[in-house]
Student: 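The structure's right below; bear with me while I get my questions together.
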Amino acid sequence: MSIYVGNLSYDVTREDLESVFNEYGRVNRVSLPMDREADRPRGFAFVEMAAKDDEAKAIEALNGAEWMGRVMKVNEARPRTAAAGGSGGGGGNYRRNSF
DNA sequence: CCTGAGCGG
């Protein structure tokens, strides 16, 4: 289970995310992908926590919260491995929460 | 490669 964190500031690091998400539970891993062409952060990250219950709390608490001067969007992340024979379909629209 | 899309190796 992983969490998608979007609309982040380019100044944020995985240490910052780890620190913030650690307040809601133990952070398993923090991933901060960057643009392959520009070698710069895309403004989103992925956080994996030990307990999915804590992930839900973190999502509820941090989604739509203002952080680093940006309103970050936290949501349940898609499975990165969407290859054939994997999750089997499920390529639906994960975008929820219209606020 | 210096920026604003939302989902990575």
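Heavy-atom basis, side chains included; hydrogens, waters and symmetry copies ignored. Lettering of chains follows the sequences in order, A, B, ..., and the numbering in each one begins at 1.
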Student: What is the distance from atom CE of Met34(A) to atom CZ of Arg40(A), rounded to the nearest 0.5 Å?
Tutor: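 These two atoms lie 11.0 Å from each other.
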
Student: Contact list please: residues 22-36 of chain A against DNA chain B, heavy atoms, distance less than 4.0 Å, in numerical order.
Tutor: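 Within this stretch, Arg29(A), Ser31(A), Pro33(A) sit under 4.0 Å of the strand.
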
Student: Check whether any side-chain heavy atom of Trp67(A) sits under 4.5 Å from a side-chain heavy atom of Val74(A), and report yes or no.
Tutor: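 They are not in side-chain contact.
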
Student: Between Met68(A) (CE) and dG6(B) (P), how many Å, whole number?
Tutor: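 Result: 23 Å.
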
Student: With distance as the sole test, does Glu48(A) use its side chain to make a donor-acceptor pair with the main-chain N or O of Asn28(A) at under 3.5 Å?
Tutor: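 A pair under 3.5 Å: no.
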
Student: Nearest whole Å is fine: how far is dG8(B) C1' from Arg14(A) CZ?
Tutor: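 Nearest whole value for this atom pair: 13 Å.
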
Student: With sequence neighbours left out, which residue pairs that include part of residues 2-14 of chain A fulfil the side-chain hydrogen bond (donor to acceptor under 3.5 Å, both in side chains) condition?
Tutor: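 Listed once each, the pairs are Thr13(A)-Asp16(A).
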
Student: May I ask you to verify whether the side chain of Tyr4(A) and the base of dG8(B) hold a donor-acceptor pair under 3.5 Å?
Tutor: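 There is none.
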
Student: If you check the Ser2(A) side chain, which of dG8(B), dC7(B), dG6(B) turns out closest?
Tutor: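 Per side-chain heavy atoms of Ser2(A), the pick is dG8(B).
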
Student: Starting from P on dT3(B), measure out to CG on Asp39(A) and report it in whole angstrom.
Tutor: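 Whole-Å distance recorded here is 15 Å.
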
Student: Determine if Phe46(A) stacks with dC7(B); use a centre-to-centre distance below 5.5 Å and an interplanar angle below 30° as the criteria.
Tutor: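 Stacking between Phe46(A) and dC7(B): absent.
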
Student: dG4(B) P sits how many Å from Leu8(A) CG, rounded?
Tutor: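 The distance from CG of Leu8(A) to P of dG4(B) comes to 16 Å, rounded to the nearest Å.
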
Student: Between P on dT3(B) and CG on Asn7(A), what's the gap in Å once rounded to a whole number?
Tutor: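 Distance check: Asn7(A) CG to dT3(B) P gives 16 Å.
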
Student: Return each pair, listed once, that meets salt bridge (charged side-chain N to carboxylate O under 4.0 Å, His left out) where at least one residue sits in residues 57-75 of chain A; pairs must be two or more places apart or across chains.
Tutor: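 Qualifying pairs, neighbours excluded: Asp54(A)-Lys57(A).
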
Student: For Ser9(A) and for Val47(A), locate the closest nucleotide of DNA chain B by heavy-atom distance; then report the residue assigned to the nucleotide nearer the 5' terminus.
Tutor: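 On the 5' side of the pair lies Ser9(A).
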
Student: Can you check the Arg42(A) CZ to dG8(B) C1' distance for me, whole Å?
Tutor: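 Those two atoms, CZ and C1', are 9 Å apart.
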
Student: In this structure, how many angstroms lie between the P atom of dC7(B) and the CD1 atom of Ile59(A), rounded?
Tutor: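 Checked: the CD1 to P distance equals 17 Å.
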
Student: Starting at atom CZ of Arg40(A), determine the distance to atom C1' of dC2(B), rounded to an integer number of angstrom.
Tutor: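 Rounded to the whole Å, the gap is 6 Å.
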
Student: Once rounded to the nearest 0.5 Å, what's the spacing between atom CG of Leu17(A) and atom CG of Asn22(A)?
Tutor: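 If I round to the nearest 0.5 Å, the distance is 10.5 Å.
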
Student: Run the side-chain contact (heavy atoms from CB on, under 4.5 Å) check on Met68(A) and Leu8(A) step by step: do they pass?
Tutor: CA-CA 8 Å; Met68(A) 294 280 179; Leu8(A) 291 170; over 6 Å; no

Student: If the glycosidic angle is within 90 degrees of 0 it's syn, otherwise anti, so just tell me which one dG6(B) is.
Tutor: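 Base orientation: syn.
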
Student: So if I take every side-chain heavy atom of Arg80(A) and compare against dG6(B), dG4(B), dG8(B), which nucleotide ends up nearest?
Tutor: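 Taking heavy atoms from C-beta onward, the closest nucleotide is dG8(B).
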
